[in-house]
Asker: 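Dropping a structure here in structure tokens format, bear with me for questions.
Numbers restart at 1 for each chain; the letters A, B, ... are given by sequence-line order, proteins then strands.
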Number of protein chains: 2
Amino acid sequence: MARSMHVRRPATLASLAAELGVSRTTVSNAYNRPDQLSPELRRRVLDTARRLGYPGPDPVARSLRTRKAGAVGLLLTENLSYAFRDPAAIGFLEGLALACEDAGTGLLLVPANPEREDVASVHRAGVDGFVVYSVPDDDPHLAAVLERPVPTVVCDQPDLGTVDRVGIDDRGAMYELARHLISLGHRRVGVVCMRLARDRNDGFVTPDRQHAAHFHVQRNRLSGLAEAFSEAGVDWSQVPVVERFDHNTASGASGAAQVLDRDPQITALICTSDVLALGAMTEAARRGLRVPHDISVTGFDGIRAGEEVGLTTVRQPVLEKGRAAGKLLLDTNERTRPRSVNLATELLIGKTSAAPRGGAEERWFGP
Amino acid sequence: MARSMHVRRPATLASLAAELGVSRTTVSNAYNRPDQLSPELRRRVLDTARRLGYPGPDPVARSLRTRKAGAVGLLLTENLSYAFRDPAAIGFLEGLALACEDAGTGLLLVPANPEREDVASVHRAGVDGFVVYSVPDDDPHLAAVLERPVPTVVCDQPDLGTVDRVGIDDRGAMYELARHLISLGHRRVGVVCMRLARDRNDGFVTPDRQHAAHFHVQRNRLSGLAEAFSEAGVDWSQVPVVERFDHNTASGASGAAQVLDRDPQITALICTSDVLALGAMTEAARRGLRVPHDISVTGFDGIRAGEEVGLTTVRQPVLEKGRAAGKLLLDTNERTRPRSVNLATELLIGKTSAAPRGGAEERWFGP
DNA sequence: AATTGGTTCTGAACCGTTACGGTCCTTTCA
DNA sequence: TGAAAGGACCGTAACGGTTCAGAACCAATT
């Protein structure tokens with residue numbers, strides 16, 4: 001109130017030091033190393049700071065000098081808001097947030113609009129590292145992240161060999177689920193899966209597209225299915241596989257409808273996520289098909305809503321996955337070569353899978 | 001490969017400029033203003049950058065110079081991970097993320113451990129503004145945010161007069177809900193509410209504590225109830241109000257149990273959130289009480305799970321709230337005086353509220 | 001009296017970039 | 001042919017801190 005009638009420019013550490021007649025170092029120490037100056041001086045610094053409206057050291061300037069941003073970036077393939085719609089993504093976020101919290105680090109959600117090729121948001125993100133969660137292999141944002149000179153953990157992605165990775169054995173887990181259905185006697189099945197690439201392709205999927213899928217997770221789940229059923233003598237190229245771009249129950253329902261329209265004889269509907277499976281069950285009910293008496297339905301993820309209806313599925317530890325990703329990233333130990341972590345999954349046999357009507361034996365010889 | 005055998009220090013814009021024999025400005029322009037230099041030179045700059053492993057301008061240095069962080073900070077009262085458990089919070093996050101996405105801005109989740117008084121995370125956050133979501137009035141993190149010289153929007157908080165605010169009319173909405181119950185004939189009711197302050201107090205709430213509640217939202221909802229029931233001739237100080245620190249269905253159930261143990265005669269159980277209400281319904285069922293025949297149960301928020309069971313509640317536009325907060329913060333117009341936005345709510349009369357057993361008339365004269 | 005040790009404070013270098021206000025050279029047009 | 005316009009590039013000065021090696025001072029020890 002005394003010195004300057006009008007604060008033309010906001011106070012800085014330097015101006016505060018000048019006002020006090022001490023060095024900038026001392027002011028800095030007042031905030032960061034209280035033991036480096038006398039209590040009286042420190043108090044004087046802080047008092048003057050308050051009087052001048054100095055809000056404390058600027059975070060960005062500090063980050064520049066210390067080379068630490070105090071935050072990790074999260075890159076998602078979807079619109080930022082998608083993450084808050086998908087139960088599995090939410091679980092992942094929660095785990096990651098937990099790890100960040102433990103480390104006192106912020107979590108920066110990087111806007112990565114999949115529509116646009118604009119990767120500026122990745123370049124502008126002031127972070128100490130990145131977590132990349134389930135983006136297509138050819139996503140330009142992923143490429144941009146990999147060019148940044150900060151540690152990175154990819155999640156639900158192929159092992160790049162150059163950065164840490166955490167995920168599950170999608171292929172193995174789905175293989176196991178398929179074995180379960182096969183042992184029940186299912187041979188004529190249909191599949192509803194999530195998007196396989198960046199382009200929208202709501203419809204049947206060719207074997208080519210299955211192999212070339214840009215989403216690691218979906219590619220491997222389909223591959224696990226194909227392997228198991230092929231071994232069981234099923235010609236996988238004849239199995240109806242339907243893809244949906246949007247991931248919600250409505251997609252699950254319409255996908256199931258498309259499969260059932262193509263082949264009403266199928267005895268099991270395999271979905272690559274629980275959300276899709278829940279939609280599929282709605283569609284089955286709409287058609288008067290009883291689950292599992294008339295048709296079996298399976299999912300993947302192990303979300304709460306699925307649990308409540310006794311969905312047969314693969315439970316994956318989504319929260320742990322997020323936490324593991326964060327731990328890996330924030331682990332300050334000397335980085336040797338990139339680590340790769342696979343978390344355990346669990347086959348959950350619920351009330352939505354059973355032997356096909358007519359019994360397993362009856363179908364044992366037919367295709 | 002030619003010039004330097006070993007890259008001792010990572011390339012910077014300056015070193016790149018030196019290598020090329022051009023000014024730093026030119027290199028900067030190559031990235032930020034392509035029109036400011038010839039295409040050939042720009043290509044040469046970018047090629048050399050690639051060769052030297054220069055990853056492009058450092059985001060933090062850029063932020064320092066431009067005075068823009070490209071991110072907004074979100075402060076939550078709870079552990080970061082809490083936000084991903086509560087449906088209303090998730091909706092808010094989604095809306096906020098949407099607004100950020102539109103603006104191409106990042107969203108930084110600031111770790112604010114409510115246990116510790118450590119506000120360093122607020123000081124360290126490199127952001128262009130803050131959104132504060134439902135923290136107690138006396139939260140030190142909130143105070144720290146308000147000291148930062150950046151625009152701030154508070155949400156579900158009292159109007160501070162100094163910063164923008166968005167919220168709903170909690171008191172009015174709850175008053176209306178109370179009127180609904182009163183008109184049905186309910187006079188003997190119980191309440192289960194969320195935490196009222198930073199300290200854990202799982203149990204009955206004195207009128208004093210109700211008035212002094214540090215959570216604006218809870219304080220106003222209770223106040224709306226008290227007003228309506230007092231007007232209807234009910235002595236509010238005698239109404240059992242139970243508080244729960246944790247916000248989940250288990251709390252709702254145990255809270256309901258505590259209320260019912262105290263007064264088994266109540267005809268309606270009013271919960272200040274849907275999550276609590278769902279728990280309360282579980283507890284009612286456990287006791288063999290049919291809803292709404294034996295007891296009415298109401299919530300607040302309008303979450304999906306409540307909708308599915310036909311919960312009588314107040315629907316509030318959580319997503320819109322988040323979006324509005326983001327819009328307010330990112331609105332670059334000249335800031336005049338702080339704005340205050342109230343979003344509309346809607347009383348949703350579902351299947352969990354009905355006239356008390358014995359009819360309204362019978363009770364019309366008694367307390 | 002000289003040395004030692006500890007505390008408190010300082011000076012200067014550095015972090016990597018962009019804003020600002022030029023200069024210089026070439027082209028265009030009356 | 002000279003003036004004006006425009007394109008391409010540059011130099012300097014911040015941006016707001018942190019860090020580290022000392023300097024200055026004082027008390028205690030040798």
Asker: Could you tell me whether a side-chain N or O of B:Q157 sits under 3.5 Å from a main-chain N or O of B:R165, the two making a donor and an acceptor?
Answerer: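 Between the backbone of B:R165 and the side chain of B:Q157 there is no qualifying donor-acceptor contact (under 3.5 Å).
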Asker: Taking C-beta and beyond as the side chain, do B:R198 and B:H214 meet within less than 4.5 Å on heavy atoms?
Answerer: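 SC-SC contact between B:R198 and B:H214 ruled out.
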Asker: If the threshold is 4.0 Å, N to carboxylate O, is there a salt bridge linking A:D47 and A:R43?
Answerer: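 So A:D47 pairs with A:R43 through a salt bridge.
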Asker: CZ of A:R124 versus C1' of C:dT18: gap in Å, rounded?
Answerer: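 About 12 Å, once rounded to whole Å.
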Asker: Expressed as a whole number of angstroms, how long is the span from A:H123:NE2 to C:dG16:C1'?
Answerer: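 Distance, rounded to whole Å: 16 Å.
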Asker: Between B:S38 and A:P55, just flag the one whose closest nucleotide in DNA chain D comes earlier from the 5' side.
Answerer: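 The residue mapped nearer the 5' terminus is B:S38.
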Asker: What pairs meet the ring pair (Phe, Tyr, Trp, His ring centres under 6.0 Å) rule with one or both residues in residues 55-74 of chain A, with sequence neighbours excluded?
Answerer: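 For residues 55-74 of chain A: none.
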Asker: Is A:L37 touching bases, backbone alone, or none of the nucleic acid, heavy atoms closer than 4.0 Å?
Answerer: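 It contacts sugar-phosphate atoms only.
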Asker: Are side-chain heavy atoms of B:D164 and B:L329 found at a separation under 4.5 Å?
Answerer: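 No, their side chains stay 4.5 Å or more apart.
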Asker: Once ring pair (Phe, Tyr, Trp, His ring centres under 6.0 Å) is applied, what residue pairs with a partner in residues 20-59 of chain A remain, sequence neighbours excluded?
Answerer: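 Those involving residues 20-59 of chain A are A:Y31-A:Y54.
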Asker: When you measure from the side chain of A:T26, which nucleotide among C:dT17, C:dT10, D:dG16 comes out closest?
Answerer: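 The answer is C:dT10, which lies nearest to the side chain.
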Asker: Heavy atoms only, 4.0 Å cut-off, all strands: where does B:V22 land among base, sugar-phosphate and nothing?
Answerer: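 B:V22: backbone/sugar contact only, no base atoms under 4.0 Å.
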Asker: Can a donor-acceptor pair be found, under 3.5 Å and without considering hydrogens, that links the side chain of A:T66 to the backbone of A:R62?
Answerer: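 Yes; judged by distance alone, with no hydrogens or angles, the pair exists.
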Asker: Just the rounded figure in Å: distance from C1' of C:dT17 to CZ of B:R62.
Answerer: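 Interatomic distance, CZ of B:R62 to C1' of C:dT17: 9 Å.
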Asker: For the side chain of B:P57, starting at C-beta, report the closest nucleotide among D:dG17, C:dT17, D:dC15.
Answerer: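 Ranking D:dG17, C:dT17, D:dC15 by closest atom to the B:P57 side chain puts C:dT17 first.
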Asker: Side chain of A:Q36 only, heavy atoms from C-beta on: which candidate in C:dT8, C:dT17, D:dG16 is closest?
Answerer: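 Within the option list, the nearest is C:dT8.
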Asker: Could you tell me how far apart B:Y31 (OH) and C:dG16 (C1') are, to the nearest whole angstrom?
Answerer: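 Atom-to-atom, B:Y31 to C:dG16, this comes out as 13 Å.
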Asker: Can you tell me if B:R67 touches the phosphate of D:dC15, counting only side-chain N or O atoms and a distance under 4.0 Å to OP1 or OP2?
Answerer: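 B:R67 to D:dC15 OP1/OP2: no side-chain N or O under 4.0 Å.
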Asker: Quick one: is D:dC10 close enough that its OP1 or OP2 comes under 4.0 Å of any side-chain N or O from B:S23?
Answerer: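 Checking D:dC10 against B:S23, a side-chain N or O does come within under 4.0 Å of OP1 or OP2.
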Asker: Just the rounded figure in Å: distance from P of D:dC9 to CG of B:L20.
Answerer: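 Going from B:L20 (CG) to D:dC9 (P), I get 11 Å.
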Asker: Collect all protein-nucleotide pairs involving nucleotides 19-23 of chain D in which both atoms are nitrogen or oxygen and the distance is under 3.5 Å.
Answerer:
| unit_1 | atom_1 | unit_2 | atom_2 | d |
| --- | --- | --- | --- | --- |
| D:dT19 | OP2 | A:R33 | NH2 | 2.9 |
| D:dT19 | O4 | A:T25 | OG1 | 2.8 |

Asker: Report the distance from atom CG of B:L13 to atom P of C:dA19, rounded to the nearest whole Å.
Answerer: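 Roughly 12 Å, once rounded to whole Å.
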Asker: Could you state the CG-P distance from A:L64 to D:dT18, rounded to the nearest angstrom?
Answerer: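 That distance rounds to 11 Å.
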